[in-house]
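I have placed the structure first, in the form of structure tokens, so that the comments after it can refer back to it.
Just so it is clear, the structure is predicted and the values come from calculations on it, not from any experiment.
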Amino acid sequence: MQRTCRTEQWPLPDMSVARGDVLVPAWVDHPERGRVACPAARLLGGSLLRNGLAVRYQDLAPPPSPSPSPAMDADGRAVLQVLSYLGRDGAATGLAAVSAPGPAAAVVTAALERWAAVMRTRRLVVGGVEPLCAGVRRARAVVDAVAESGRPTVVLAPDPVAAGPVIGRGRAVRGTESAMELERVLDGAVVVVGPAGVAPALRARIAAQGRTPVDAGCPLALAAQAEVRRFAQQGETVMLVGRSGHGAVPALLGQAAAGSVRLVEDLAQARQLEVADPGRVAVVLQPGLPLGEAESVAESVRKRFGHVLPQHPSTYCHAADDRLRALTQLARACAVVLVTGPAASARETVRVIEQAGAAAYAVLGPEGVRPGWLKGRASVGVTAAAGAEPGLVQALVRTLSGLGPCAVELQEGATVASTTSDAMSAVAGGTAAVEQDPGRALVPVRTQPGA
């Protein structure tokens, strides 16, 4: 590839570009190489934007002059600069930009030089990380189906990370005391309970308004809520291992009378707990937490009070563990990883990858990628932060594919859970698993031994 890589420039007599403006096309016609595809156009556009130029993405219809010139055009006409290389099939790929001569053209030249230094053959490894857990995906499908009816749709989604992806074509109603907001919603609107569910009291207030909510709750979240209700009805004090501010917590806390459910966020809190009856304690883990973290806190509660009633492990949520495992695997496979998605969750994902030993950078989109991050990198990972809109990873991969011949590798892997009977079957000589998908929660999927 490097042997065919070259940068050229020539005037476009029939075009003009205002000073400070740059046209970045998705393709351009080359007099010798024919059509030059520019899938990495937004990478170049991002560099130019950071240098203060106004960028427009637009196909370049007029073909360039058939006589490339080594000198910039000095009479004010537009100047086209093209970086291109030939693939093994003879097709041309590269980057291009049209600007006025002078300072803008000089900025384009410098940017093309930086990206030329990045071009090489490489692996693009897409991490096996779903930006939306199965519960959120299911909820979004429900919201979209309701919205198809044309009726106004509101979604109870208190978690700001999950709210955007869940809402889809609906309107968000956030917060734990949402009934007051619902009273202001248009008559005839459909109320959809999001993946975190709601407390029974809030559901009753919705019913008192004459509304019947459509339930899009995650079955794993609903199962944890059922465990809380069951323990509270037995007279246990329920220790909810979770994080304040997480969207699943309000509904879990609201499953029983005030004081019957206590939020325990860390080991320090677990060691200091006081309850009226230390012999009547139960523990439930909030869905969405890494199980290793949650179980260590739960074990501390057990040591403090002795025997406690545990949540049934078949209702555990493995999404966070699957995500952590996939990110660690991606960090081991790549020297650098690009993370796309909401800023807050992207920063957390970057932290996890860096702790696993790879460099990582958060980008909202292709324009945020900097050439220095990729220079000399034979393998680049791409993954999505929690809550990222579908399609962001694919768009980033398509863009990076314009930086030289590449192979795209997909990592896969997810935890499966077993019911007690299935686990016994596996011990007896076969393997049996339950897919960790709330859409089919606790449905055995059997495989052959050794599969």
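In this structure, CG on Leu124 lies 4.5 Å from SG on Cys406, to the nearest 0.5 angstrom. Atom OG1 of Thr328 sits about 9.0 Å away from atom CD1 of Ile353, to the nearest 0.5 Å. Here CD of Glu409 is found 8.0 Å from SG of Cys334. Values are rounded to the nearest 0.5 Å. With values rounded to the nearest 0.5 angstrom, Leu43 atom CG is found 7.5 Å from Leu374 atom CG. Atom CG in Leu400 sits 6.0 Å away from atom CG in Leu338 (nearest 0.5 Å). Atoms OG1 and CG, from Thr340 and Leu392 in turn, are 4.5 Å apart once rounded to the nearest 0.5 Å.
Between Gly341 and Ala385, the shortest heavy-atom distance links the atoms CA-CB, 4.3 Å. Contact record, Ala111 with Leu44: CB-CD1, 3.7 Å, taken as the closest heavy-atom pair.
Here salt bridge (Lys or Arg N to Asp or Glu O under 4.0 Å) pairs that include residues 328-338, with residues two or more places apart or in two chains, number zero.
Glu113 pairs by the side chain to side chain contact (heavy atoms under 4.5 Å, CB included) definition with Thr109, not counting sequence neighbours.
Side-chain contact check for Val214 versus Val191: every heavy-atom pair is 4.5 Å or farther apart. Between Leu48 and Val24 there is a side-chain heavy-atom pair separated by less than 4.5 Å. Within the 4.5 Å cutoff, side-chain heavy atoms of Val126 are placed close to those of Val408. Residues Gln255 and Val261 fail the side-chain proximity criterion, which asks for heavy atoms closer than 4.5 Å. Inter-residue side-chain proximity for Pro195 and Arg138 is flagged as unmet; no heavy-atom pair is nearer than 4.5 Å. With contacts defined as side-chain heavy-atom distances shorter than 4.5 Å, the pair Val301/Val281 qualifies.
By the 6.0 Å and 45° rule, Arg42 stacks over the aromatic ring of Tyr57.
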* To do: Under the side-chain contact (heavy atoms from CB on, under 4.5 Å) rule, what do Leu83 and Met119 come out as? Steps first, then yes or no, please.
  => CA-CA 10 Å; Leu83 165 66; Met119 288 188 169; 3.6 Å; yes

* Quick one: do Arg140 and Glu389 satisfy salt bridge (Lys or Arg N to Asp or Glu O under 4.0 Å)? Show the steps, please. => CA-CA 11 Å; Arg140 180 161 185 162; Glu389 284 287 342; 3.2 Å; yes

* **Residues Asp266, Arg271; criterion salt bridge (Lys or Arg N to Asp or Glu O under 4.0 Å); working and verdict** => CA-CA 9 Å; Asp266 53 36; Arg271 297 187 187 106; over 6 Å; no

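Side chain of Gln269 to main chain of Glu265: a donor-acceptor pair is present (N/O by atom type, distance under 3.5 Å, no hydrogens or angles).
Ionic pairing of Glu348 and Arg351 is present here: one or more N-O contacts between side-chain nitrogen and carboxylate oxygen are shorter than 4.0 angstrom. Salt bridge status for Arg243 with Glu293: present, with a side-chain N to carboxylate O gap under 4.0 Å. Between Glu274 and Arg304 a salt bridge is recorded (basic side-chain N to carboxylate O distance below 4.0 Å).
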